[in-house]
Amino acid sequence: MIMADAAQQSEKRVFERPHALLPVVTNYCPGCTHGIVERLVAEVIDELGVEGKTIGIAPVGCAVKCYDFFGCDMIEAAHGRAPAVATGVKRSLPDHVVFAYQGDGDLASIGMAETVHAATRGENITIIFINNAIYGMTGGQMAPTSLPHQVTQTSPYGRDTDGAGYPIRVCELLSTLDGVAYLERVCVDSPKNVRKAKRAIAHAFQNQVDGVGYSLVEVVSTCPTNWKMTPEAAFDWMRENMLSYYPFGVYRDVQAEGFANAAEAAFARANDCPAVSGEAGR
């Protein structure tokens, strides 16, 4: 008995559920990456020690019930309005950590105006963006991120670019805005890429703690159910088709550019404008 007690005391726990992720069953389909990403978010919250002052904004979509999964305070936003709600919360409670968790239909379709304007204002919030190229919860309709010729419930012959245009690349779009501090596109299809995704998410949260500015991490993901594939086939399809259209990488990082925050970087880029430099009218 004494030997058993000694062995237990010498054991070191190396893996466990993050405290910020509640011990509940999720509603996600087999092969869905939401569960992986939400675990990474919870791990980052734990490691930063900010669970007690973190407020998450839940979207409308497959992740609508993430308010039941995270241990921090959560607010449910109307469809697409998560950045606006996050803005209000952060401005009211600037010492809190505020993140929005959104899918592509929520963020890039009905919520595109909120997304663009929160980014261009440089709101000091963190956005976790899941891009699976389809509307998941409501049946698999074509999304702003659906690929050319991709078959969905509302594009049974494939996305027609003549009528529907081309997909929106969110990181590339937001990288043109002066209020943005950090943008990175990642994936969670392998242990190596999961580790990279966690580093990106940690950087996005740390930016907010440090007051650097608006940060968004895009996670290229799968939807086996609405793609009508097995989880393995869905990951193969994603690698073969999505990653060439949505390549990994850092699309903006003002600190890597040598600036303290997004506002400083924006001023430097516009300092030849008389109105910005204060020379207008002199």
Checklist entry - Which class fits the ring pair Y101 and H34: parallel under 30°, tilted 30 to 60°, perpendicular over 60°? => result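 Answer is tilted, since the angle falls between 30° and 60°.
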Checklist entry - Where does the angle between the aromatic ring planes of F99 and F205 fall among parallel (under 30°), tilted (30 to 60°) and perpendicular (over 60°)? => result tilted
Item to check | Steps toward side-chain contact (heavy atoms from CB on, under 4.5 Å) verdict (K228, V151) | outcome: CA-CA 10 Å; K228 297 179 172 46; V151 174; over 6 Å; no
Checklist entry - Does the side chain of H96 pick up a donor-acceptor pair with the side chain of D73 at under 3.5 Å? => result no
Next on the checklist: Can a side-chain donor-acceptor contact be found between R185 and Y246 if the only test is distance below 3.5 angstrom?
Outcome noted: no
Next on the checklist: I'd like to know whether T126 forms a side-chain contact (heavy atoms from CB on, under 4.5 Å) with N207, so could you lay out the CA-CA distance, the side-chain angles of the two residues, the decisive distance to 0.1 Å, and finally the verdict.
Outcome noted: CA-CA 8 Å; T126 302; N207 274 352; over 6 Å; no
Do [X] and [Y] sit in one hydrophobic cluster, given that two such residues count as connected whenever their side-chain heavy atoms are within less than 4.5 Å of each other, even indirectly?
X	Y	answer
L107	Y251	yes
M229	F235	yes
I130	Y67	yes
M74	I125	no
V180	I128	no

[X] vs [Y] side-chain heavy atoms within contact, under 4.5 Å:
X	Y	answer
L22	R17	no
Y28	E38	yes
V50	K53	yes
P83	Q102	yes
V60	M137	yes
M242	W237	yes
P144	D104	no
S146	P167	no

On a heavy-atom basis, which atom in [X] and which in [Y] lie closest, and how many Å separate them?
X	Y	result
G139	Q153	O-CG, 2.8 Å
A20	I45	CB-CG2, 3.9 Å
G213	N124	N-OD1, 3.2 Å
P231	P30	CG-O, 3.7 Å
A265	V254	CB-CG1, 3.7 Å
A197	L40	CB-CD1, 4.0 Å

Checklist entry - So, is the end of the R169 side chain (NZ or CZ) under 6.0 Å from the ring centre of Y245 and within 45° of the ring's axis? => result yes
For the pair [X] (side chain) and [Y] (backbone), establish whether a donor and an acceptor sit closer than 3.5 Å, ignoring hydrogens and angles.
X	Y	result
Q208	V98	yes
R252	S175	yes
T120	H117	no
D160	D162	yes
R159	A164	yes
N193	C187	no
T222	G31	yes
S221	T33	no
N226	G136	yes

Next on the checklist: I'd like to know whether T115 forms a side-chain contact (heavy atoms from CB on, under 4.5 Å) with L174, so could you lay out the CA-CA distance, the side-chain angles of the two residues, the decisive distance to 0.1 Å, and finally the verdict.
Outcome noted: CA-CA 9 Å; T115 294; L174 296 183; 4.1 Å; yes
Measuring from atom [atom1] of [X] to atom [atom2] of [Y], what distance do you get when rounded to the nearest 0.5 angstrom?
X	Y	atom1	atom2	result
D106	F129	CG	CZ	9.5 Å
T161	L147	OG1	CG	12.0 Å
C66	E76	SG	CD	7.5 Å
L48	Q206	CG	CD	5.5 Å
N131	E218	CG	CD	4.5 Å
S190	R239	OG	CZ	7.0 Å

Checklist entry - Can you check side-chain contact (heavy atoms from CB on, under 4.5 Å) on Q150 and W227, steps first, answer last? => result CA-CA 10 Å; Q150 183 176 347; W227 291 359; 3.7 Å; yes
Next on the checklist: Go through it in stages, so that I can follow the logic: the residues are T154 and Y135, the test is side chain to side chain donor-acceptor pair (under 3.5 Å), and I'd like the CA-CA distance, side-chain angles, deciding distance and then a yes or no.
Outcome noted: CA-CA 10 Å; T154 52; Y135 278 86; over 6 Å; no
Item to check | Trace of the side chain to side chain donor-acceptor pair (under 3.5 Å) decision for H19 with E51 | outcome: CA-CA 9 Å; H19 188 269; E51 181 182 340; 2.7 Å; yes
Checklist entry - Going through the checks in order, is the salt bridge (charged side-chain N to carboxylate O under 4.0 Å, His left out) test met by E123 and K90? => result CA-CA 8 Å; E123 301 294 344; K90 184 67 178 182; over 6 Å; no
